[in-house]
Amino acid sequence: MQPGAARVTGFRVREQRLYLHHRPVLTNSLREVLVAFIAFLQMLGRPLLIGHNIRRFDCPLLARCLDQLQLRVKFEASVSGCVDTLPLTRELLKDRGLRSFGQENLVRELLGVNYKAHDALEDVRALQTLYGVLQPQPEVIRRHKFTLDTMSSKLAVTAAKVSCRNPGPQ
């Protein structure tokens with residue numbers, strides 16, 4: 001885990017153990033988590049995955065981990081694609097004079113609320129509400145839709161810098 005990410009989230013890894021604010025956290029193996037995630041996606045009937053800055057950060061890491069565990073084909077068959085709300089909001093809100101398109105700032109500017117950013121559940125809830133307010137038209141969604149296989153080669157270089165570690169169950 002990168003030091004900056006650890007500062008923001010409170011997570012730390014020491015001696016292959018995960019800690020949140022200095023307290024040990026029980027974990028599952030990466031394979032167990034990804035298999036469960038894919039099963040969950042299959043129950044949803046090939047959903048569209050939506051996230052903020054996922055094309056540059058989350059998806060390259062996910063692709064590397066899926067490839068390592070030979071699960072990419074199952075994953076790709078379980079989703080209809082991905083949409084990154086960072087470029088989507090830049091397109092939709094380009095004339096609003098926003099100083100930042102970070103999710104926390106967008107939620108504050110458009111929804112008028114502050115939330116506990118970098119807490120996974122709070123980030124998801126905030127993005128869900130933000131997306132509902134944006135109501136992007138189908139053609140805008142199509143322009144921003146991608147799959148792990150269609151991410152640009154430039155993004156693949158970024159992914160190579162991010163390691164995918166599997167410490168196993170704790």
Side-chain angles (χ1 to χ4, degrees), residues 1-89 102-104 107 115-132 141-142 144-170:
M1 176 172 282
Q2 298 294 321
R7 275 191 303 280
V8 168
T9 64
F11 282 106
R12 302 254 192 277
V13 177
R14 290 205 175 97
E15 297 175 12
Q16 296 203 350
R17 294 275 326 218
L18 181 64
Y19 294 85
L20 176 59
H21 303 296
H22 307 289
R23 293 190 178 136
V25 177
L26 294 176
T27 61
N28 292 36
S29 73
L30 182 58
R31 176 173 289 285
E32 290 170 321
V33 170
L34 289 175
V35 166
F37 182 50
I38 291 168
F40 171 72
L41 294 171
Q42 289 169 339
M43 289 189 313
L44 298 176
R46 299 194 73 237
L48 180 64
L49 298 183
I50 298 171
H52 203 74
N53 201 26
I54 61 171
R55 189 169 190 153
R56 227 179 126 232
F57 180 75
D58 304 270
C59 286
L61 176 59
L62 177 61
R64 280 182 49 98
C65 295
L66 290 166
D67 287 344
Q68 250 182 10
L69 299 170
Q70 299 175 336
L71 292 170
R72 187 192 279 233
V73 172
K74 277 187 174 182
F75 174 83
E76 289 279 11
S78 303
V79 298
S80 62
C82 304
V83 170
D84 188 335
T85 56
L86 178 59
L88 184 137
T89 55
Q103 181 173 313
E104 190 174 2
V107 168
Y115 74 100
K116 189 177 174 186
H118 307 293
D119 174 292
L121 188 54
E122 292 300 316
D123 281 338
V124 168
R125 287 178 177 151
L127 185 59
Q128 184 177 22
T129 304
L130 179 64
Y131 192 80
I141 296 168
R142 273 193 296 281
H144 293 279
K145 186 174 174 181
F146 65 95
T147 67
L148 299 185
D149 290 334
T150 61
M151 290 185 300
S152 74
S153 59
K154 180 180 177 186
L155 295 174
V157 171
T158 301
K161 296 176 182 176
V162 180
S163 67
C164 177
R165 296 187 185 158
N166 182 12
Q170 300 293 321

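In this text, all values refer to a predicted model and were calculated from it rather than measured experimentally.
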How many angstroms lie between atom [atom1] of [X] and atom [atom2] of [Y], to the nearest 0.5 angstrom?
X	Y	atom1	atom2	result
E32	L69	CD	CG	11.0 Å
I141	I50	CD1	CD1	6.5 Å
L127	Y115	CG	OH	8.0 Å
L66	K74	CG	NZ	11.5 Å
L49	I54	CG	CD1	6.5 Å
C65	L34	SG	CG	6.5 Å

What's the shortest heavy-atom distance between [X] and [Y], and which atoms?
X	Y	value
A63	R72	CB-NH2, 3.2 Å
Q103	A126	NE2-CB, 3.9 Å
S80	K145	O-CE, 2.8 Å

[Y] backbone acceptor or donor facing [X] side chain under 3.5 Å:
X	Y	value
R12	H22	no
D84	H52	no
S78	R46	no
E76	L148	yes
T150	F146	no

(request) With sequence neighbours left out, write down each residue that passes side-chain hydrogen bond (donor to acceptor under 3.5 Å, both in side chains) with E122, or none if nothing qualifies. (result) R125
(request) Using the test side-chain hydrogen bond (donor to acceptor under 3.5 Å, both in side chains), find all partners of Y19 that sit at least two apart in sequence or belong to another chain. (result) none
(request) Measure the shortest side-chain to side-chain distance between T85 and L130 over non-hydrogen atoms and say whether it is less than 4.5 angstrom. (result) no
(message) Less than 4.5 Å apart, side chain to side chain, heavy atoms only: is that true for R55 and P87?
(response) no
(message) Under the criterion side chain to side chain contact (heavy atoms under 4.5 Å, CB included), I'd like the reasoning laid out for V83 against L48: C-alpha separation, chi angles, the key distance, then a yes or no.
(response) CA-CA 7 Å; V83 170; L48 180 64; 3.7 Å; yes
(request) Go through the steps for I38 and L71 under the test side chain to side chain contact (heavy atoms under 4.5 Å, CB included), then give the verdict. (result) CA-CA 9 Å; I38 291 168; L71 292 170; 4.1 Å; yes
